[in-house]
S.K.: 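Here you go, one structure.
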Protein chains: 2
Amino acid sequence: MPQIESTANQSQDIVEQLRMEIITGRLEEGMPLREVSLAERFQVSRAPIREALKQLAHEGMVESKPNCGMRVAPASSESMQELVIPLRQTVESFALKSIFAELSEADFQEWETLLEEMRTACETRDYAQLTELDIKFHQSIVMKSPEQGLMSIWVTLVSRLRRHFLAGFQKPNDPMKVYYEHVAIVAMFRTGKLEPSMQALISNID
Amino acid sequence: MPQIESTANQSQDIVEQLRMEIITGRLEEGMPLREVSLAERFQVSRAPIREALKQLAHEGMVESKPNCGMRVAPASSESMQELVIPLRQTVESFALKSIFAELSEADFQEWETLLEEMRTACETRDYAQLTELDIKFHQSIVMKSPEQGLMSIWVTLVSRLRRHFLAGFQKPNDPMKVYYEHVAIVAMFRTGKLEPSMQALISNID
DNA sequence: TTCTGTTTAATTGTGAACAATATTGCAATT
DNA sequence: AATTGCAATATTGTTCACAATTAAACAGAA
């Protein structure tokens, strides 16, 4: 999001909430999103709801048919995902490179917290929560980058891969695999070696 | 834009107009965009203006400071452009590949028309117009692709390169160069050979 | 003068009513 | 029974009025 300083306004909160519900699959594909229903649910007027939906439409999370309403967008085609995955790898690598030298202990603490939550999500097989945490981890890397507009690009890409997340989690035999992978990533970050860190991050994106 | 069928609504028209004015440099960097002023100019209320500005903000054309208004976003950093150029090449190649087999005479006619306009723009040294036509040419390729959401990604990338256009046009000795390059691209498309066509398209993106 | 705090104005954020458009259901007709 | 036309409903698109927030102007004291 191209906001210079993010003050908490209603529509932004709604965007983040709806985005996560779509990514995690709590809101199924094709489900219509009515402005009045959402307005009642979030206890606000239609205006902030409209803004939120418009933004999600631009991100690719929902589809808009003029005068006919929004609905949760269907998953991207296989070929589309094959296009987007390397794009996402490139963007996140770039983000990591731009922040790597200035990583502080506070950054690592933030990630350690996420890792703990990820561990419990793995243990309880809470795939929706796991998806959310995975997204948040990668998002945090992009968010730390001082490059303006990188986040907008990243969000637009990730929304096309949202199905990829859930699908990827449910197949592996070892349900802790996702957790271990991210532990390895953070550990590699701590070594201070850029190239292997980028490699670890990239290999996690597929 | 993720609209399934594009009916002409006001905010969309405003988006396209403002986007072109920013890309072509008619609206200078840092210039504030006030909702009421724009509402008066376009003879509409603030709501469609707000929607247009929000969309442009997500595309990276304008920056938004909450409760403080929008302004034309400054150009991307050099490193950012170096990131985005190959991304754009990848996206447009993908788009071309997805439409190449079904190109019709109508498509070529559309391009020929653009080429003619491009020629006169080159002859009259109208760099703003030339920028607009260049964008429209590449945009048309992405637009023809049936892949949903490709346009959103493309727009987000191009907005980061908008300075690149104007700068690239004003330097070459031969002012017709831009025209010739696009003529060559379309001619290559007509041969029906995919790989060289993609190469021609890519080489034009730098 | 320079700094600080307060007031004032400008601007965005939100709410609510109205208009325009698309969808749905129903009836009349073939 | 299937189809077409029409009315009723639901939904979005737009306008206007108001609240909340921010930035600027200004006065007063060190």
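A, B, ... follow the sequence lines: proteins, then strands. Residue 1 opens every chain. Fair warning: this is a prediction, and the values are worked out from it, not measured in the lab. In what follows, every heavy atom counts, from backbone to side chain, and hydrogens, waters and symmetry copies are set aside.
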S.K.: Could you tell me the separation between the CD atom of A/Glu51 and the P atom of C/dT12, rounded to a whole number of Å?
M.R.: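 Atom CD in A/Glu51 sits about 12 Å away from atom P in C/dT12.
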
S.K.: When the distance from CE of B/Met70 to P of D/dT22 is rounded to whole Å, what number comes out?
M.R.: 16 Å

S.K.: What heavy-atom pair brings A/Arg26 and A/Ala128 nearest, and what distance separates the two atoms?
M.R.: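 Where A/Arg26 meets A/Ala128 most closely, the heavy atoms are NH2-CB, 3.9 Å.
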
S.K.: For D/dA23 and B/Lys65 - does any side-chain N or O of the residue sit under 4.0 Å from the phosphate oxygens OP1/OP2?
M.R.: yes

S.K.: Just one of B/Arg71, B/Arg163, B/Arg162 clears the side-chain hydrogen bond (donor to acceptor under 3.5 Å, both in side chains) bar with B/Glu29, so which one?
M.R.: B/Arg163

S.K.: Can you measure B/Gln12 atom CD to D/dT12 atom C1' for me and round it to whole angstrom units?
M.R.: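 One finds 15 Å between C1' of D/dT12 and CD of B/Gln12, rounded.
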
S.K.: Testing the basics here: between B/Pro48 and B/Ser11, what is the closest heavy-atom pair and its distance to 0.1 Å?
M.R.: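 The answer is O-CB, 3.5 Å.
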
S.K.: Mind calculating the distance between CD (A/Glu35) and P (D/dT11) to the nearest angstrom?
M.R.: 10 Å

S.K.: Rounded to whole Å, how long is the line connecting atom CG of B/Leu33 with atom P of C/dT12?
M.R.: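 B/Leu33 atom CG is separated from C/dT12 atom P by 9 Å.
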
S.K.: Relative to each other, are the rings of A/Phe137 and A/Trp111 parallel, tilted or perpendicular (30° and 60° limits)?
M.R.: tilted

S.K.: B/Glu28 side chain to B/Gly25 main-chain N or O, any donor-acceptor pair under 3.5 Å?
M.R.: no

S.K.: Using whole Å, report how far CZ of B/Arg71 lies from C1' of C/dT12.
M.R.: 15 Å

S.K.: For DNA chain C, what residues of residues 37-50 of chain B have any heavy atom nearer than 4.0 Å?
M.R.: B/Arg46, B/Arg50

S.K.: Output the single nucleotide from D/dT12, C/dG15, D/dT15 whose closest atom is nearest the side chain of A/Asn67.
M.R.: D/dT12

S.K.: Taking the side chain of B/Arg34 as its heavy atoms from C-beta onward, which of C/dT12, D/dT15, D/dT12 lies nearest to it?
M.R.: C/dT12

S.K.: Taking A/Arg19 as the fixed residue, which of A/Glu59, A/Gln55, A/Glu132 is the one that meets the side-chain hydrogen bond (donor to acceptor under 3.5 Å, both in side chains) rule?
M.R.: A/Glu59

S.K.: Could you please name the option among C/dT14, D/dG13, D/dT11 that lies closest to any side-chain atom of A/Pro66?
M.R.: D/dG13

